[in-house]
Amino acid sequence: MSRLIIRVPRGFDFWRTVLSHGWAILPPFECDRRTRTLRRVFRLAGGRLVTASLVGSAGAVQIGTGRAALAPAERADLRTHVRTCLRLDEDFAGFHAAARRHPQYRWIAASGSGRLLRAPTLYEDVVKMICTTNCAWSLTEVVVGKLVARFGEDAGGGRRAFPDPHAVAQSSEQILRSTCSTGYRAPYLLELSRRVAGGELDLEALRTSAAPVDEVFDALRSIKGVGPYAAGNLLKLLGRYDHLGLDSWVRAQYSRLYARGRAVKDAAIERRYASLGRWRGLFFWLEMTRSWHDEKFRGSA
DNA sequence: GCGTCCAGGTCTACC
DNA sequence: GGTAGACCTGGACGC
C-alpha cells in the first residue's frame with residue numbers, strides 16, 4: 001500500500017478544512033465522517049488517474065493510494081494537488097492575527113478556521129459554483145453527480161475523475177440538459193468548457209495572478225453564468241476575501257443572527273463587514289456558518 | 001398521480 | 001444604473 005505524508009502548518013485543522021463548505025460532498029470528493037477521511041480521484045501528470053484517501057493526523061496529512069504504486073514524479077504531483085485542495089501553502093497568520101484583535105472572532109484563530117476546501121483545478125471550482133446558482137443544494141448534488149458520471153473518466157473501482165473540459169466541450173447543450181439536469185445552465189457550462197479546452201480562457205493563471213482583486217473579479221464575471229455571488233465565492237477559493245458572496249442562505253442566516261429574522265439590505269451587510277478589510281469575506285463566511293460548524297464538530301474536536 | 005406554485009442567481013432587454 | 005421577466009429544476013402542496 002502506497003502512503004505519503006505531508007507536514008502541515010501549525011494550527012492546521014484537517015477536518016475543519018474538509019467541512020469548511022459543501023465541496024467535500026460534491027463528486028468526485030467523497031467524505032467519510034465516521035473515519036474522517038476525504039477521498040477523491042486525482043489526475044496526475046501524464047494523465048494517470050489515482051484515487052487517494054486523505055486522513056489528518058498530528059502535524060500531518062496522510063495520503064493513501066491503495067495498491068497504486070506511484071513514480072517519484074507522480075508522488076510529487078499528488079502532493080501538489082493535495083496542498084492545493086487543502087490550501088496548505090496559503091498564509092493565514094495575518095488573518096488569525098486580525099481575528100485575535102476582535103473578541104467576537106477570537107474563536108476563529110483558536111480553532112484554526114479559515115481554509116476553504118477547493119478542487120485541484122479552478123475549472124472544477126467554476127463548474128461547481130455555476131451548479132450552485134439558482135437552485136437548491138440537492139439539485140447541485142444531482143447535477144455535479146451526473147456531470148461526473150457522464151463525462152468523468154473511469155478511474156476503476158466505481159470511481160471517476162472530474163470531467164476534463166475537452167470532454168464537456170465535445171458535448172452539446174441538448175445532452176447536458178437531458179442527461180445532467182443542467183437546465184438553462186447548459187450553454188454556460190458548454191461555453192466555459194470550450195473556452196478552457198480551446199486555450200482562450202486560462203483559468204489556472206488566476207490562481208497565481210497578482211492582479212488587483214477587482215480585475216480578477218471582472219475576469220470571473222466575464223464567464224457566462226458567473227454573477228456577483230459566484231464570482232465573490234470563487235474569489236475566496238483563490239485566496240481573495242474582499243467580497244462577501246451573498247446568496248439567499250447567508251442573507252437569511254445574517255437576518256437570523258442580527259435582525260430577528262427581518263430582511264436586511266445587502267448594502268447594510270456590506271457596511272457591517274467593511275472595516276474588516278481584505279479578510280471581510282472570510283470573516284463573514286465563518287461567522288455565518290459558525291453554528292453549522294459547531295454542530296459538525298461538537299464532541300469530536 | 002397530476003397540476004400548480006415557489007425558491008434559487010444570472011442574463012437580457014428595456015427604461 | 002436600476003428593474004422586470006425569463007430561464008429550469010425539484011420540492012411542497014392541494015386536489
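In what follows, chains carry the letters A, B, and so on, assigned in the order in which the sequence lines appear, proteins first and then strands, with residues in each chain numbered from 1.
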(request) Can you measure from NZ (K128(A)) to OG1 (T132(A)) and round to the nearest 0.5 angstrom? (result)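 Separation between the atoms: 11.5 Å.
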Less than 4.5 Å apart, side chain to side chain, heavy atoms only: is that true for [X] and [Y]?
X       : Y       : answer
S255(A) : R260(A) : no
T51(A)  : T65(A)  : no
V226(A) : M129(A) : no
L286(A) : Y105(A) : no
L237(A) : R87(A)  : yes

Once you round it to whole Å, what is the distance between [atom2] of [N] and [atom1] of [X]?
X       : N       : atom1 : atom2 : result
L189(A) : dG9(B)  : CG    : C1'   : 14 Å
K146(A) : dG10(C) : NZ    : C1'   : 11 Å
W137(A) : dG9(B)  : CH2   : P     : 13 Å
I130(A) : dC7(C)  : CD1   : C1'   : 15 Å
R251(A) : dG8(B)  : CZ    : P     : 10 Å
L190(A) : dC8(C)  : CG    : C1'   : 17 Å
K265(A) : dG2(C)  : NZ    : P     : 12 Å
R185(A) : dG8(B)  : CZ    : P     : 14 Å

(request) Residues of residues 240-249 of chain A with any non-hydrogen atom less than 4.0 angstrom from an atom of DNA chain B: list those, numerically ordered, please. (result)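 Result for residues 240-249 of chain A: D247(A), S248(A), sorted by number.
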(message) For the backbone of I5(A) and the side chain of R79(A), can you confirm whether one donor and one acceptor N or O come within less than 3.5 Å of each other?
(response)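 Judged by distance alone, yes, a pair lies under 3.5 Å.
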(message) For the backbone of L220(A) and the side chain of S222(A), can you confirm whether one donor and one acceptor N or O come within less than 3.5 Å of each other?
(response)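 Such a contact is absent between S222(A) side chain and L220(A) backbone.
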(message) With each end axis built from five pairs of C1' atoms, what bend angle do you get for the helix from dG1(B)-dC15(C) to dC15(B)-dG1(C)? Round to 10°.
(response)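 For the helix from dG1(B)-dC15(C) to dC15(B)-dG1(C), the axes at opposite ends meet at about 30°.
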Side chain of [X]: nearest nucleotide among [options]?
X       : options                   : value
N134(A) : dT9(C), dG8(B), dT10(B)   : dG8(B)
S138(A) : dG11(C), dT10(B), dG8(B)  : dG11(C)
Y184(A) : dT9(C), dC11(B), dG9(B)   : dG9(B)
T133(A) : dT10(B), dT12(B), dG11(C) : dT10(B)

Categorize [X] for me: base, sugar-phosphate, or nothing, with a 4.0 angstrom heavy-atom threshold over every strand shown.
X       : answer
V143(A) : nothing
L176(A) : nothing
A186(A) : nothing

(request) Kindly say whether, by distance alone, the side chain of Y188(A) makes a donor-acceptor pair under 3.5 Å with the base of dG9(B)? (result)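 Donor-acceptor pair under 3.5 Å: no.
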(message) Using the ring centroid of each side chain, check whether Y273(A) and F283(A) are separated by less than 6.0 Å.
(response)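 When the ring centroids of Y273(A) and F283(A) are compared, they turn out to be at least 6.0 Å apart.
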(message) Can you tell me if R177(A) touches the phosphate of dC7(C), counting only side-chain N or O atoms and a distance under 4.0 Å to OP1 or OP2?
(response)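 Negative; the distance criterion is not met.
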(message) Strictly below 4.0 Å: does S181(A) bring a side-chain N or O up to OP1 or OP2 of dG10(C)?
(response)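 Yes, S181(A) has a side-chain N/O under 4.0 Å of OP1/OP2 on dG10(C).
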(message) One pair to check against salt bridge (Lys or Arg N to Asp or Glu O under 4.0 Å): R118(A) and D125(A). What are the steps and the verdict?
(response) CA-CA 7 Å; R118(A) 64 181 177 181; D125(A) 284 331; 5.7 Å; no
